[in-house]
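Just below is one structure, and these are the notes that go with it.
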Amino acid sequence: MEFEAVIGLEVHAQLLTESKIFCSCSAKFGAPPNENTCPVCTGMPGVLPVLNRKAVECAIRTALATSCSVQRKSVFARKNYFYPDLPKAYQISQYELPLALGGHIDIELPGGTKRIGITRIHMEEDAGKLVHEGEFAGAQASLADLNRCSVPLMEIVSEPDMRTPEEGGAYLRRLHDILVYLEVCDGNMEEGSFRCDANVSVRPKGREGFGTKAELKNMNSFRNVEKALEYEIRRQVELIEDGGSVVQETRLWDANAGVTLSMRRKEEAHDYRYFPDPDLLPLLVADEWVEELRKTIPELPAEKVARLSAGYGIPRYDAGILASSRALADFFEAAAALYRGNPKTTANECIHWKDVILSGRLSPGTIAHAVEDRESGTISATASKKLVELVLETGKPIRALRDEQGLTQLSDASALDAIVDRVIAASPKEVESYRGGKAGLLSYFVGQVMKESRGKANPKVVQETLKRKLG
Amino acid sequence: MADVPVHEWTLLEAARKVREKEISSRDLTGALLARIERLNPGINAYITVLPERAMAQAAELDEAQARGELRGPLHGVPMGLKDIFCTRGVRTTCGSRILADFLPPYDACVTEKVLRAGAVLLGKQNMDEFAMGSSTETSCFGATRNPWDVTRIPGGSSGGTAAAVSAAMAFAGVGTDTGGSIRQPASLCGVVGMKPTYGRVSRYGMVAFASSLDQAGPITRTVPDAARMLSVIAGHDRRDSTCADVPTPDYLAAVDRPVKGLRIGLPKEYFESGGLSPAVKAAVSKALSALIDQGATAVEVSLPHTTFALSAYYLIAPAEASSNLARYDGVRYGHRAKGASGLIEMMSRTRAEGFGPEVKRRIMIGTYALSAGYYDAFYGKAQKVRTLIRDDFTSAFGKADVLLTPTAPTPAFRLGEKTDDPLTMYLSDIFTIPCNLAGIPGISVPCGLSPEGLPIGAQLLSNHFREETLFAAAGAVERAVPLPRVSPIEG
């Protein structure tokens with residue numbers, strides 16, 4: 001029997017705000033333990049949460065960018081459970097009435113685009129973290145770092161629309177790019193600003209309805225998500241084929257072992273006793289506010305790929321790489337505006353130098369000049385690469401370096417004439433053979449000219465001159 | 001007329017005399033501290049008395065005044081706070097072992113406001129543990145006694161505040177009211193207690209019991225004093241999202257407003273209640289006559305869902321409390337059980353040791369009411385009842401400007417009389433609870449004495465943010481029904 005997987009993903013994205021979601025502490029990562037805390041985020045008696053407007057704006061903008069409908073009224077609830085990293089013993093999260101419902105994003109697959117539904121987007125606060133002295137099992141003490149408590153998160157829940165790990169990966173990457181484009185999340189997976197849980201089940205291909213699902217946690221890269229999905233799908237299919245059945249449970253991905261391991265069964269699940277948080281009023285979002293925020297939505301990855309590809313005549317694949325980062329795409333467009341000659345070469349250069357461009361060490365002008373000089377034959381492809389490297393080393397303008405290093409090619413036919421004449425004069429036998437029909441000898445003459453010019457001659461011009469002179 | 005002793009002055013008189021330099025804040029504070037020293041051991045109105053701090057504060061205020069600097073309307077006047085308001089560097093226990101040594105690093109908004117107005121803080125007043133009770137017997141610091149009869153309870157949960165004000169161990173106090181915790185003890189101690197509209201006073205820094213019901217308000221010996229205190233503590237606070245951004249009117253001016261033409265609604269369900277004592281009924285009638293004599297008119301109104309209020313309250317308040325009190329887990333502050341071998345054991349033993357039986361009972365009721373499968377039948381249903389009760393009041397206020405009811409069904413009962421029977425205890429809040437569920441303001445004003453000589457209060461209720469009408473009506477009752485301001489305790 002052939003099986004297919006049903007995958008739904010839940011993404012927790014840390015919102016890019018200065019302060020926490022319910023107090024004015026800094027939301028920055030990496031401060032010394034418990035430095036970014038106050039009575040509110042450490043759950044002291046009598047303190048109260050106050051909602052961060054910027055966090056709401058981030059979530060609304062995400063909803064707009066994913067075609068969700070922003071709810072006029074949403075409600076924060078308390079999710080109650082005891083844990084030392086949760087100072088109030090409840091997490092404030094939207095539950096029954098989330099901020100946004102019913103959207104979608106389109107993902108690019110080898111066979112074309114596929115639309116993945118988004119069930120809901122809601123806001124919540126993060127918990128702190130525990131540091132154990134020694135190994136967890138035999139730890140003598142556990143220390144709580146509450147810096148992360150109340151850092152704003154947004155949870156984006158997809159429909160169970162994905163069927164393969166690749167689709168899962170494509171969805172995650174696209175969603176990631178959208179959030180980074182919107183500047184609502186820094187997208188850093190290692191620091192946990194972008195985390196993903198997956199719900200996976202399998203069913204005989206063609207059957208409606210769902211099999212029993214497992215929830216996968218602890219996957220901290222796109223690749224790990226794909227690997228965990230692959231493993232889990234195989235595990236479930238094998239289980240069923242061996243006559244067993246899947247149990248509903250939460251499983252942890254062990255990246256080192258490459259397996260998922262059972263963490264807790266459904267019957268061990270908490271009863272979170274959700275109820276509306278009486279300390280916060282329902283969040284009312286006026287239509288005017290939504291419209292104001294709609295104006296701040298930039299061009300999104302899918303639109304950008306289409307526009308770059310059509311507008312600059314570059315392959316969709318290349319446009320996709322450029323559009324994977326708003327900064328890279330902007331850089332490309334700036335370079336392509338400075339030199340309008342051949343956008344395809346400019347795109348290739350931008351892709352080649354992607355990492356340095358994103359680190360902010362190159363200006364669009366450098367790439368534009370490099371491409372322009374190469375296209376005009378002033379410099380060779382090798383020299384172009386070398387010059388960009390020199391720009392990175394010295395910080396000097398590329399054209400100054402080109403002249404200083406004497407990397408200009410001889411493209412001026414008159415300047416080349418003398419060398420070509422010398423080469424022809426020095427090789428009477430070859431000239432005779434060539435004229436006698438051995439056209440392959442042209443490369444010999446080109447080589448000689450290049451040698452004579454110490455590599456500075458423009459091979460294209462050399463070829464043309466030789467052809468002309470050798471008749 | 002013989003000179004009134006210093007401690008028997010009203011808050012307004014004391015403030016005026018300090019302002020006019022008839023007395024220094026030091027002398028005034030010293031007089032009250034002396035009285036606390038003498039009376040508090042028998043009454044147990046204060047959990048924490050702050051003699052040094054209060055005297056230092058008084059001295060500082062006297063010096064400021066000498067420089068021509070008056071802090072505010074309470075300049076130099078000593079008062080107390082229920083031990084539910086966080087006070088920076090002064091332990092805030094909420095009457096519980098679990099917070100017995102808790103030193104808040106911040107002031108509650110109410111604390112800030114009274115200090116900014118120039119008040120001297122005498123101490124922190126006793127209360128039922130986490131404000132859960134109607135007799136101030138559940139405090140882990142021992143019961144407070146009623147200064148009118150020390151064999152009786154002062155009411156609760158703000159019993160320490162009411163007893164302290166009644167026994168003239170403070171010119172005023174601020175209490176909190178979740179289901180009657182200001183009004184019921186005020187009634188039982190013969191003082192004025194006002195619960196403002198939900199959202200009128202910031203809850204920031206006030207230890208939460210049931211967040212959607214809790215509201216701070218003044219307990220004083222006179223209506224004008226209550227009006228003055230409310231002006232000090234009311235007002236918008238950005239730190240409390242449920243605090244209303246509305247202007248604070250001049251409440252003191254409202255006290256003298258004539259009540260001619262005021263429509264007094266009498267909710268028939270309140271007077272048909274079986275548990276209502278004849279003495280209370282008679283005293284409330286006297287208050288009504290006083291209002292009618294001054295030109296008000298009486299009209300019968302109906303609040304048909306009153307019978308469901310108690311049940312709804314005892315689901316909503318414990319549900320919120322079960323979540324609010326979950327933070328007391330021994331991890332970061334407060335009591336922590338010793339010798340536990342693991343996390344779960346540490347947390348459960350901390351809570352088993354730290355909370356008293358009434359608090360545990362309510363945490364369990366609330367946890368149950370919110371559990372999966374029971375939520376709709378209990379918490380969800382209770383919220384619907386709450387809406388109906390609110391609607392009852394809305395339609396009643398179409399016919400009447402204020403509602404007049406008894407505050408409590410009986411005068412003060414004896415210590416220990418109801419501690420073994422929580423349901424009977426819960427019934428002492430039967431007239432005060434609907435007001436909290438609806439979020440409207442209410443005031444209890446003394447209106448008579450029982451045959452045994454125990455004080456009885458009348459409750460006046462008005463629509464949201466109409467505290468001025470309450471002060472006008474309560475002022476009219478107070479002027480027409482003269483009663484002793486200070487409890488007749490040996491002092």
Side-chain angles (χ1 to χ4, degrees), chain A residues 22-24 34 37-53 76-92 95-96 128 130 132 136-144 146 149 269-284, chain B residues 84-86 92 94 96 98-99 102 104-106 108-109 130 199 202-208 210-214 237-243 316 319-320 322-334 343-344 346-348 351 366-375 379-380 383:
Chain A
F22 297 122
C23 65
S24 54
N34 295 309
T37 61
C38 73
V40 176
C41 56
T42 56
M44 300 288 255
V47 297
L48 298 166
V50 177
L51 182 60
N52 180 341
R53 188 182 167 91
F76 284 95
R78 294 184 182 178
K79 179 181 181 178
N80 296 284
Y81 64 95
F82 287 96
Y83 206 64
D85 68 2
L86 191 71
K88 298 189 295 295
Y90 58 81
Q91 177 197 28
I92 304 178
Y95 181 59
E96 269 186 322
L130 293 186
H132 304 288
F136 178 76
Q140 286 307 295
S142 296
L143 307 169
L146 304 181
C149 279
H270 295 287
D271 177 358
Y272 291 118
R273 290 170 286 120
Y274 280 101
F275 74 106
D277 190 339
D279 288 334
L280 289 162
L281 301 173
L283 171 58
L284 303 178
Chain B
I84 200 168
F85 296 102
C86 285
T92 301
C94 227
S96 181
I98 212 155
L99 286 178
F102 175 61
Y106 50 94
C109 181
F130 281 102
S202 169
R203 292 185 296 116
Y204 182 83
M206 184 176 115
V207 181
S211 314
S212 73
L213 301 160
D214 297 344
D237 177 18
R238 289 190 52 217
R239 296 167 297 180
D240 175 1
S241 309
T242 64
C243 188
I316 293 169
E320 293 181 8
S322 72
S323 173
N324 281 332
L325 272 61
R327 67 188 61 196
Y328 309 111
D329 56 9
V331 173
R332 298 164 311 283
Y333 51 78
L343 176 67
I344 307 284
M346 187 280 278
M347 284 182 170
S348 12
R351 292 168 65 79
T367 303
Y368 186 79
L370 290 175
S371 297
Y374 299 99
Y375 181 94
Y379 189 76
Q383 289 293 8

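If you measure heavy-atom distances from Leu99(B) to chain A, the contacts under 4.5 Å come from the side chain alone. Proximity to chain B involves both the backbone and the side chain of Phe275(A), based on heavy atoms less than 4.5 angstrom apart. The part of Phe102(B) that comes within reach of chain A is its side chain, from C-beta onward, which places non-hydrogen atoms under 4.5 angstrom from that chain. With a threshold of 4.5 angstrom between heavy atoms, Tyr272(A) does not approach chain B through any atom at all. Within the 4.5 angstrom heavy-atom criterion, no atom of Tyr374(B) approaches chain A. With a 4.5 angstrom heavy-atom cutoff, Met206(B) touches chain A only via backbone atoms. Residue Arg203(B) touches chain A through both its backbone and its side chain, counting heavy-atom pairs closer than 4.5 Å. Using a 4.5 Å cut-off between heavy atoms, Ala372(B) touches chain A through backbone and side chain atoms alike. Proximity to chain A is absent for every atom of Thr92(B), based on heavy atoms less than 4.5 angstrom apart. Heavy-atom distances place the side chain of Tyr106(B), and not its backbone, under 4.5 Å from chain A.
For the pair Arg351(B) and Phe82(A), the minimum side-chain heavy-atom distance is below 4.5 Å. Looking at Ser323(B) and Lys88(A), their side chains never come closer than 4.5 Å, going by heavy atoms from C-beta outward.
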(request) Take Thr242(B) and Asp279(A) through the test side-chain contact (heavy atoms from CB on, under 4.5 Å) and record every step on the way to the result. (result) CA-CA 7 Å; Thr242(B) 64; Asp279(A) 288 334; 5.5 Å; no
(request) Show the numbers, then the answer: is there a side-chain contact (heavy atoms from CB on, under 4.5 Å) between Arg239(B) and Val40(A)? (result) CA-CA 10 Å; Arg239(B) 296 167 297 180; Val40(A) 176; over 6 Å; no
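Looking at Ser241(B), its side chain does come within 3.5 Å of a backbone N or O of Pro49(A) through a donor-acceptor pair.
Taking all atoms of both residues into account, the shortest heavy-atom contact from Pro45(A) to Cys86(B) is O-SG, 3.7 Å.
Rounding to the nearest 0.5 Å places OG of Ser322(B) at 6.5 Å from CG of Asn80(A).
Residues Arg273(A) and Tyr375(B) have side chains that never bring a donor and an acceptor to within less than 3.5 angstrom of each other.
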